[in-house]
Amino acid sequence: MLFLCFLDMLSYAMLSPIITLLFLEGPLTILPDNSTSRHFLFGVFLSIFSFIQIFSVPFWGKLSIQISKKNILKISFLGNSFSYLICGMGVLNKNINLLFMGVILAGLTGAVIPTINAIISYESSESMWTRNYSLVGSTIGIAFILGPPITGLLMDIVPTENISVGIYILCAFISIINFLIVEFALKTQNIQKKTRTPRSIPFPFREIFLLDSKLKTILGFQFCIYLGWYFFIKFFQVYLIETLKFTDKQSCFGIAFLGLCCATWQAIRYFKNPNIYRYKYMFPSAVFLMSTSIVSFIFINSYLSAMFAIMVLSFAYSMLIPSTISMILNQGQLKNEIKTSVFQSVQSIAKILAPLISGFTISYTSWATAFLGTIVISLAGFLVLCSPKTFRLASKA
């Protein structure tokens, strides 16, 4: 399972820097030279996958009970492969419509990670879920550490005019490998059992009204943190290229450094000393660090200072998110399935809104994403100050 997850996310990690370059001015762009909506189109492109998944993932989850999770994985990997090829054709012909068709298909068939998480819940005891899901997160982190540098190295080998199409073809080939692994190597004894009902679909509006006030406050806090994070991170490569004047290759390694920092802090949290995250002033301290590091990008103009700010930002984020999730699951009387579905919905909304708003505002000023990120992170801090009793529960996280 972890190897399938790694290969799947490695493809996305290799494509991540390429996708940005397709929309910015430069030799890899597929937009006309006189285009004035580059950033907005990029934001729409980043949002559309998450928007489609809100509706597609529940469908595949229910269908997996009827046709088995193994078959869902096969459909997803085949869909990924075709979506990469369609995007590659769009890049080759400089056709933005084909590029969007490819990402729409990816969203419609992209059920790999949810299906792998479901399989893990069947294959392991409940006491091991946290550890196993942490391994999934670590695997994704490793993929994002390796993927962008691989792309950067390929830029030195493959001619510039072929690099984008080449990466898409390589990703399609990786998806085919994953399909073959599932078909011939994945055992099916346990993952086809129909012993559990499917999870509730995202956007469970009725359940929101059943949440107690403390849980609503925590979810509001979580939404602000995610929105502030995605405001900045989704356009991080744009910042490196257009503001710090990184080369395309340097920006790939900058993204890898971000992945390395996130993975390192999470590993320290999980394996070394999780107690440092139980300090009663952890929430206000982490919010302060996060907002300060994001706003600093308005003034940063050097590589070293940018990397230091990323270290601080990723540290604060790694403190807040796991503790917030733990608080959500431990708060209130509702079943964790309901609270988890609400949590996933909140994250999805943030992933949709942040790129759209950032893509629109960054066209006016280069520091718009940092400014917006700081504002919403500050709103999260305001919630902490207004509800100190709620966030003292961090000692239980």
Side-chain angles (χ1 to χ4, degrees), residues 13-46 91 94 144-164 166-167 228-262 290-314 317 354-355 357-374:
M14 287 191 297
L15 275 175
S16 180
I18 289 295
I19 290 172
T20 304
L21 300 176
L22 295 177
F23 287 87
L24 301 184
E25 293 183 6
L28 298 183
T29 185
I30 65 171
L31 298 177
D33 294 337
N34 60 351
S35 177
T36 59
S37 56
R38 295 178 181 275
H39 298 108
F40 178 71
L41 287 173
F42 180 47
V44 173
F45 186 83
L46 293 177
V91 172
K94 293 187 179 297
F144 273 89
I145 293 171
L146 297 177
I150 291 175
T151 298
L153 294 175
L154 289 175
M155 288 180 175
D156 291 334
I157 302 173
V158 181
T160 301
E161 62 273 14
N162 298 328
I163 182 65
S164 300
I167 294 293
W229 173 261
Y230 289 129
F231 264 137
F232 182 76
I233 294 304
K234 291 295 185 179
F235 277 75
F236 177 58
Q237 189 180 4
V238 176
Y239 169 83
L240 293 179
I241 293 173
E242 295 188 346
T243 303
L244 294 186
K245 307 302 180 184
F246 275 30
T247 64
D248 295 346
K249 183 177 179 180
Q250 287 174 328
S251 70
C252 292
F253 286 94
I255 297 172
F257 181 76
L258 172 62
L260 174 63
C261 288
C262 291
M290 194 170 181
S291 60
T292 302
S293 57
I294 289 180
V295 76
S296 68
F297 279 92
I298 297 176
F299 310 100
I300 285 174
N301 56 11
S302 69
Y303 173 81
L304 289 178
S305 52
M307 296 303 103
F308 178 77
I310 282 297
M311 291 177 62
V312 176
L313 175 61
S314 58
Y317 183 77
I357 299 174
S358 293
F360 176 77
T361 57
I362 201 174
S363 300
Y364 296 96
T365 175
S366 60
W367 46 263
T369 55
F371 179 72
L372 290 171
T374 303

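Index from 1, following the sequence. No experiment lies behind these values; they were computed from the predicted model shown.
What you find for Cys261 and Ser314 is that their closest heavy atoms are CB-OG, 3.1 Å. Counting all heavy atoms, side chain and backbone alike, Pro148 lies closest to Cys252 at CB-O, 3.0 Å.
Looking at residues two or more places apart in sequence or on another chain, you find no side-chain contact (heavy atoms from CB on, under 4.5 Å) involving Ser16. The side-chain hydrogen bond (donor to acceptor under 3.5 Å, both in side chains) test applied to Gln250 returns Thr247, not counting sequence neighbours. By the side-chain hydrogen bond (donor to acceptor under 3.5 Å, both in side chains) test, Ser305 is found to be paired with Ser302, residues two or more places apart in sequence or in another chain being considered. Listed by chain and residue number, Gln237 satisfy the side-chain hydrogen bond (donor to acceptor under 3.5 Å, both in side chains) test with Ser251 (two or more places apart in sequence, or in another chain).
With a 4.5 Å cut-off on side-chain heavy atoms, Leu258 and Phe236 count as touching. For the pair His39 and Leu24, the minimum side-chain heavy-atom distance is below 4.5 Å.
Atom CD1 of Ile310 and atom CG of Leu260 lie 11.5 Å apart (nearest 0.5 Å). Atoms CD1 and CD1, on Ile255 and Ile145 in that order, are 13.5 Å from each other to the nearest 0.5 Å. Note that CD of Glu25 is 11.5 Å distant from CD1 of Ile241, once rounded to the nearest 0.5 Å. The distance from atom CD1 of Ile163 to atom OG1 of Thr151, rounded to the nearest 0.5 Å, is 7.0 Å. Leu41 CG to Ile30 CD1: the interatomic distance, rounded to the nearest 0.5 Å, is 9.0 Å. To the nearest 0.5 Å, atoms CE (Met307) and CG (Leu244) are separated by 7.5 Å.
The neighbour count for Phe246 CZ, taken as heavy atoms of other residues, nucleotides or ligands under 6.0 Å away, is above 12. Enclosure of atom CZ in Phe257 by more than 12 non-hydrogen atoms of other residues, nucleotides or ligands within 6.0 angstrom is indicated.
Every pair passing salt bridge (Lys or Arg N to Asp or Glu O under 4.0 Å) that includes a residue from residues 243-259 is listed here, sequence neighbours excluded: Asp156-Lys249.
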Worked verdict on Met155 versus Ile18 for side-chain contact (heavy atoms from CB on, under 4.5 Å)
CA-CA 10 Å; Met155 288 180 175; Ile18 289 295; 4.0 Å; yes

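Applying the side-chain contact (heavy atoms from CB on, under 4.5 Å) test between Ser164 and each of Thr29, Leu22, Ile19 identifies Leu22 as the sole match.
Between Phe42 and Phe23, the two ring planes are tilted [angle within 30° to 60°].
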Donor-acceptor pairs under 3.5 angstrom involving side-chain atoms of residues 228-235: please list them, not counting sequence neighbours.
{"unit_1": "Tyr230", "atom_1": "OH", "unit_2": "Gln347", "atom_2": "NE2", "d": "3.2"}

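The backbone N or O of Pro355 sits nowhere less than 3.5 Å from a side-chain atom of Ser358 that would complete a donor-acceptor pair. When atom types are taken as modelled, the side chain of Tyr239 and the backbone of Thr369 share no donor-acceptor pair closer than 3.5 angstrom.
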